[in-house]
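Okay, structure first, notes after.
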Number of protein chains: 2
Amino acid sequence: MLARELAAEYPTIRGDTNALEAARLLESQRLPGLVVVADDGKPLTVLPAYHVARFVVPVYIREDPALARVVDEAHADHLFDFLASKRVNDLLVADRSESLVVQADETMIEIAELMERERSPLVAVVDEHGLLLGAVTLFELLGAALPVS
Amino acid sequence: MLARELAAEYPTIRGDTNALEAARLLESQRLPGLVVVADDGKPLTVLPAYHVARFVVPVYIREDPALARVVDEAHADHLFDFLASKRVNDLLVADRSESLVVQADETMIEIAELMERERSPLVAVVDEHGLLLGAVTLFELLGAALPVS
(Lines give C-alpha, C1' and ligand atoms only; values in the text may rest on other atoms or scores of the structure.)
Protein backbone atom coordinates (compact mmCIF):
# COMPACT_ATOMS: atom_id res chain seq x y z
CA MET A 1 0.00 0.00 0.00
CA LEU A 2 1.35 3.40 -1.01
CA ALA A 3 1.26 6.80 0.67
CA ARG A 4 -1.34 8.10 -1.79
CA GLU A 5 -3.75 5.32 -0.75
CA LEU A 6 -3.11 5.84 2.94
CA ALA A 7 -3.40 9.63 2.84
CA ALA A 8 -6.56 10.97 4.47
CA GLU A 9 -7.93 14.46 4.85
CA TYR A 10 -6.33 16.18 7.83
CA PRO A 11 -6.62 19.66 9.35
CA THR A 12 -3.88 22.05 8.29
CA ILE A 13 -2.60 25.25 9.82
CA ARG A 14 -0.46 28.05 8.46
CA GLY A 15 2.80 29.25 9.91
CA ASP A 16 1.29 32.60 10.83
CA THR A 17 -1.53 30.97 12.83
CA ASN A 18 -1.65 32.02 16.45
CA ALA A 19 0.09 29.32 18.52
CA LEU A 20 -2.72 29.27 21.04
CA GLU A 21 -5.21 28.49 18.27
CA ALA A 22 -2.93 25.68 17.08
CA ALA A 23 -2.71 24.24 20.59
CA ARG A 24 -6.49 24.35 20.90
CA LEU A 25 -6.90 22.56 17.57
CA LEU A 26 -4.48 19.87 18.71
CA GLU A 27 -6.24 19.43 22.03
CA SER A 28 -9.86 19.61 20.87
CA GLN A 29 -9.38 17.05 18.09
CA ARG A 30 -6.75 15.02 19.95
CA LEU A 31 -4.49 15.18 16.93
CA PRO A 32 -1.15 13.34 16.89
CA GLY A 33 0.47 16.42 15.35
CA LEU A 34 0.02 19.47 13.16
CA VAL A 35 0.51 19.79 9.40
CA VAL A 36 1.89 23.25 8.69
CA VAL A 37 1.26 24.63 5.18
CA ALA A 38 2.55 27.63 3.26
CA ASP A 39 0.34 30.31 1.72
CA ASP A 40 0.09 28.23 -1.48
CA GLY A 41 -1.19 25.22 0.48
CA LYS A 42 2.02 23.22 0.13
CA PRO A 43 3.01 21.49 3.37
CA LEU A 44 6.12 22.93 4.98
CA THR A 45 6.53 20.51 7.83
CA VAL A 46 4.83 18.39 10.44
CA LEU A 47 4.97 19.19 14.14
CA PRO A 48 4.47 16.11 16.36
CA ALA A 49 2.14 16.90 19.26
CA TYR A 50 4.76 16.46 21.97
CA HIS A 51 6.74 19.37 20.53
CA VAL A 52 3.98 21.71 21.67
CA ALA A 53 4.99 20.77 25.22
CA ARG A 54 8.49 22.03 24.37
CA PHE A 55 7.35 25.58 24.11
CA VAL A 56 5.65 25.81 27.45
CA VAL A 57 8.93 25.09 29.17
CA PRO A 58 10.98 28.25 29.76
CA VAL A 59 14.48 28.32 28.30
CA TYR A 60 16.16 28.36 31.71
CA ILE A 61 14.42 25.11 32.62
CA ARG A 62 15.42 23.47 29.38
CA GLU A 63 19.01 24.31 30.26
CA ASP A 64 18.67 22.93 33.77
CA PRO A 65 15.73 20.51 34.09
CA ALA A 66 16.21 20.32 37.87
CA LEU A 67 14.72 23.81 38.05
CA ALA A 68 11.33 22.46 36.94
CA ARG A 69 11.02 21.18 40.50
CA VAL A 70 11.12 24.61 42.04
CA VAL A 71 9.11 26.66 39.59
CA ASP A 72 6.14 28.30 41.21
CA GLU A 73 3.06 26.23 40.52
CA ALA A 74 0.80 29.19 39.79
CA HIS A 75 3.30 30.32 37.21
CA ALA A 76 3.22 26.87 35.60
CA ASP A 77 -0.56 26.88 35.49
CA HIS A 78 -0.60 30.06 33.45
CA LEU A 79 2.34 29.27 31.29
CA PHE A 80 0.25 28.53 28.25
CA ASP A 81 -0.92 32.13 28.21
CA PHE A 82 2.31 32.97 26.51
CA LEU A 83 1.27 30.90 23.50
CA ALA A 84 -1.20 33.64 22.68
CA SER A 85 1.70 35.91 21.80
CA LYS A 86 3.41 33.36 19.53
CA ARG A 87 2.77 32.05 16.05
CA VAL A 88 3.19 28.49 14.79
CA ASN A 89 6.39 29.54 13.01
CA ASP A 90 7.90 30.28 16.41
CA LEU A 91 7.25 26.68 17.51
CA LEU A 92 8.85 24.96 14.57
CA VAL A 93 12.02 23.02 15.14
CA ALA A 94 14.48 24.48 12.70
CA ASP A 95 16.12 21.23 11.65
CA ARG A 96 12.93 19.32 10.99
CA SER A 97 11.82 21.18 7.87
CA GLU A 98 10.26 18.91 5.22
CA SER A 99 11.63 15.73 6.79
CA LEU A 100 8.12 14.53 7.60
CA VAL A 101 6.69 15.19 4.14
CA VAL A 102 6.61 12.09 1.92
CA GLN A 103 5.94 11.48 -1.78
CA ALA A 104 2.74 9.78 -3.00
CA ASP A 105 4.57 6.67 -4.17
CA GLU A 106 6.38 5.92 -0.93
CA THR A 107 5.51 2.56 0.59
CA MET A 108 3.93 1.75 3.92
CA ILE A 109 7.25 0.44 5.15
CA GLU A 110 9.04 3.65 4.18
CA ILE A 111 6.46 5.60 6.16
CA ALA A 112 6.82 3.28 9.17
CA GLU A 113 10.60 3.64 8.99
CA LEU A 114 10.31 7.43 8.85
CA MET A 115 7.86 7.55 11.78
CA GLU A 116 10.21 5.51 13.92
CA ARG A 117 13.36 7.36 12.91
CA GLU A 118 11.87 10.83 13.33
CA ARG A 119 9.67 9.85 16.27
CA SER A 120 6.53 11.16 14.66
CA PRO A 121 3.08 9.52 14.58
CA LEU A 122 2.17 11.74 11.61
CA VAL A 123 3.48 12.45 8.10
CA ALA A 124 2.13 14.63 5.30
CA VAL A 125 1.81 13.24 1.75
CA VAL A 126 2.41 15.37 -1.36
CA ASP A 127 2.01 14.84 -5.10
CA GLU A 128 4.74 15.45 -7.67
CA HIS A 129 4.06 19.19 -7.53
CA GLY A 130 4.46 19.35 -3.78
CA LEU A 131 0.72 19.80 -3.25
CA LEU A 132 -0.83 18.23 -0.17
CA LEU A 133 -2.75 14.99 -0.78
CA GLY A 134 -3.46 14.38 2.89
CA ALA A 135 -1.77 12.95 5.95
CA VAL A 136 -1.04 9.51 7.34
CA THR A 137 -1.21 8.95 11.07
CA LEU A 138 0.17 5.90 12.83
CA PHE A 139 -3.47 4.96 13.45
CA GLU A 140 -4.26 4.82 9.73
CA LEU A 141 -1.04 2.92 9.14
CA LEU A 142 -1.98 0.34 11.76
CA GLY A 143 -5.60 0.24 10.62
CA ALA A 144 -4.56 -0.53 7.07
CA ALA A 145 -1.89 -3.03 8.03
CA LEU A 146 -3.30 -5.01 10.92
CA PRO A 147 -4.77 -8.38 9.91
CA VAL A 148 -8.57 -8.38 10.12
CA SER A 149 -9.54 -10.11 13.37
CA MET B 1 -1.60 21.81 39.07
CA LEU B 2 0.06 18.56 40.12
CA ALA B 3 0.35 15.17 38.45
CA ARG B 4 -2.17 13.63 40.82
CA GLU B 5 -4.82 16.15 39.72
CA LEU B 6 -4.04 15.70 36.03
CA ALA B 7 -3.95 11.90 36.14
CA ALA B 8 -6.92 10.25 34.44
CA GLU B 9 -7.93 6.65 34.02
CA TYR B 10 -6.10 5.10 31.09
CA PRO B 11 -6.00 1.61 29.57
CA THR B 12 -3.07 -0.51 30.70
CA ILE B 13 -1.44 -3.57 29.20
CA ARG B 14 0.93 -6.16 30.61
CA GLY B 15 4.32 -7.02 29.25
CA ASP B 16 3.17 -10.50 28.29
CA THR B 17 0.25 -9.15 26.23
CA ASN B 18 0.34 -10.19 22.59
CA ALA B 19 1.85 -7.34 20.58
CA LEU B 20 -0.88 -7.55 17.97
CA GLU B 21 -3.50 -7.02 20.68
CA ALA B 22 -1.55 -4.02 21.95
CA ALA B 23 -1.36 -2.54 18.44
CA ARG B 24 -5.12 -3.02 18.01
CA LEU B 25 -5.78 -1.29 21.35
CA LEU B 26 -3.60 1.62 20.26
CA GLU B 27 -5.32 1.90 16.89
CA SER B 28 -8.93 1.37 17.97
CA GLN B 29 -8.78 3.95 20.76
CA ARG B 30 -6.30 6.24 18.96
CA LEU B 31 -4.12 6.30 22.06
CA PRO B 32 -0.99 8.45 22.17
CA GLY B 33 0.88 5.52 23.74
CA LEU B 34 0.69 2.44 25.93
CA VAL B 35 1.10 2.18 29.70
CA VAL B 36 2.80 -1.14 30.46
CA VAL B 37 2.21 -2.56 33.95
CA ALA B 38 3.74 -5.44 35.91
CA ASP B 39 1.74 -8.32 37.38
CA ASP B 40 1.21 -6.28 40.56
CA GLY B 41 -0.28 -3.41 38.56
CA LYS B 42 2.70 -1.11 39.00
CA PRO B 43 3.62 0.72 35.80
CA LEU B 44 6.89 -0.41 34.29
CA THR B 45 7.13 2.03 31.44
CA VAL B 46 5.30 3.99 28.77
CA LEU B 47 5.62 3.20 25.08
CA PRO B 48 4.87 6.24 22.83
CA ALA B 49 2.69 5.22 19.88
CA TYR B 50 5.34 5.91 17.24
CA HIS B 51 7.55 3.21 18.74
CA VAL B 52 5.07 0.63 17.51
CA ALA B 53 6.09 1.65 13.99
CA ARG B 54 9.65 0.75 14.97
CA PHE B 55 8.83 -2.90 15.16
CA VAL B 56 7.29 -3.27 11.75
CA VAL B 57 10.55 -2.22 10.16
CA PRO B 58 12.93 -5.16 9.62
CA VAL B 59 16.37 -4.87 11.20
CA TYR B 60 18.16 -4.72 7.85
CA ILE B 61 16.12 -1.66 6.89
CA ARG B 62 16.85 0.06 10.16
CA GLU B 63 20.54 -0.39 9.40
CA ASP B 64 20.16 0.94 5.87
CA PRO B 65 17.00 3.06 5.46
CA ALA B 66 17.57 3.31 1.69
CA LEU B 67 16.46 -0.32 1.44
CA ALA B 68 12.92 0.66 2.46
CA ARG B 69 12.59 1.93 -1.12
CA VAL B 70 13.06 -1.51 -2.65
CA VAL B 71 11.19 -3.73 -0.22
CA ASP B 72 8.45 -5.65 -1.92
CA GLU B 73 5.15 -3.92 -1.35
CA ALA B 74 3.17 -7.09 -0.69
CA HIS B 75 5.67 -7.98 1.98
CA ALA B 76 5.23 -4.57 3.60
CA ASP B 77 1.47 -4.95 3.54
CA HIS B 78 1.66 -8.13 5.61
CA LEU B 79 4.44 -7.07 7.86
CA PHE B 80 2.21 -6.53 10.82
CA ASP B 81 1.37 -10.23 10.84
CA PHE B 82 4.61 -10.79 12.65
CA LEU B 83 3.31 -8.80 15.63
CA ALA B 84 1.10 -11.77 16.39
CA SER B 85 4.20 -13.74 17.35
CA LYS B 86 5.57 -11.02 19.64
CA ARG B 87 4.72 -9.79 23.11
CA VAL B 88 4.76 -6.21 24.38
CA ASN B 89 8.00 -6.97 26.24
CA ASP B 90 9.68 -7.56 22.88
CA LEU B 91 8.70 -4.05 21.77
CA LEU B 92 10.05 -2.16 24.76
CA VAL B 93 13.02 0.07 24.27
CA ALA B 94 15.56 -1.14 26.80
CA ASP B 95 16.83 2.27 27.90
CA ARG B 96 13.42 3.83 28.41
CA SER B 97 12.42 1.90 31.53
CA GLU B 98 10.58 4.00 34.11
CA SER B 99 11.70 7.30 32.60
CA LEU B 100 8.11 8.16 31.68
CA VAL B 101 6.67 7.37 35.11
CA VAL B 102 6.22 10.44 37.34
CA GLN B 103 5.40 10.97 41.01
CA ALA B 104 2.02 12.33 42.13
CA ASP B 105 3.50 15.61 43.36
CA GLU B 106 5.30 16.55 40.17
CA THR B 107 4.15 19.81 38.63
CA MET B 108 2.59 20.45 35.26
CA ILE B 109 5.79 22.09 34.12
CA GLU B 110 7.87 19.08 35.13
CA ILE B 111 5.54 16.88 33.09
CA ALA B 112 5.75 19.20 30.08
CA GLU B 113 9.54 19.24 30.35
CA LEU B 114 9.63 15.43 30.50
CA MET B 115 7.28 15.07 27.52
CA GLU B 116 9.46 17.33 25.44
CA ARG B 117 12.76 15.80 26.54
CA GLU B 118 11.62 12.21 26.07
CA ARG B 119 9.42 12.97 23.06
CA SER B 120 6.37 11.35 24.59
CA PRO B 121 2.79 12.67 24.58
CA LEU B 122 2.02 10.35 27.53
CA VAL B 123 3.31 9.79 31.07
CA ALA B 124 2.12 7.47 33.84
CA VAL B 125 1.57 8.81 37.38
CA VAL B 126 2.28 6.76 40.50
CA ASP B 127 1.73 7.22 44.22
CA GLU B 128 4.45 6.89 46.87
CA HIS B 129 4.15 3.10 46.71
CA GLY B 130 4.66 2.99 42.95
CA LEU B 131 1.00 2.17 42.33
CA LEU B 132 -0.62 3.59 39.22
CA LEU B 133 -2.86 6.62 39.79
CA GLY B 134 -3.54 7.18 36.08
CA ALA B 135 -1.92 8.76 33.08
CA VAL B 136 -1.50 12.26 31.71
CA THR B 137 -1.62 12.82 27.98
CA LEU B 138 -0.52 15.98 26.23
CA PHE B 139 -4.21 16.56 25.51
CA GLU B 140 -5.09 16.61 29.22
CA LEU B 141 -2.10 18.82 29.89
CA LEU B 142 -3.22 21.30 27.23
CA GLY B 143 -6.85 21.03 28.28
CA ALA B 144 -5.98 21.92 31.86
CA ALA B 145 -3.54 24.67 30.97
CA LEU B 146 -5.08 26.51 28.04
CA PRO B 147 -6.90 29.70 29.00
CA VAL B 148 -10.67 29.37 28.68
CA SER B 149 -11.73 30.97 25.40
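Everything numeric in this text was worked out from a predicted model, so none of it was measured. Lettering of chains follows the sequences in order, A, B, ..., and the numbering in each one begins at 1.
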When A:S28, A:A49, A:P32 are compared by non-hydrogen pairs under 4.5 Å with chain B, the top option: A:A49
Interatomic distance, A:M115 atom CE to B:Y50 atom OH [nearest 0.5 angstrom]: 12.5 Å
Interface moiety of A:L31 toward chain B, non-hydrogen atoms closer than 4.5 Å: backbone
Closest non-hydrogen atom pair between A:R30 and B:E140, with its separation: NH1-OE2, 3.4 Å
Chain B neighbours within residues 132-139 of chain A, where any heavy atom lies under 4.5 Å away: A:T137, A:L138, A:F139
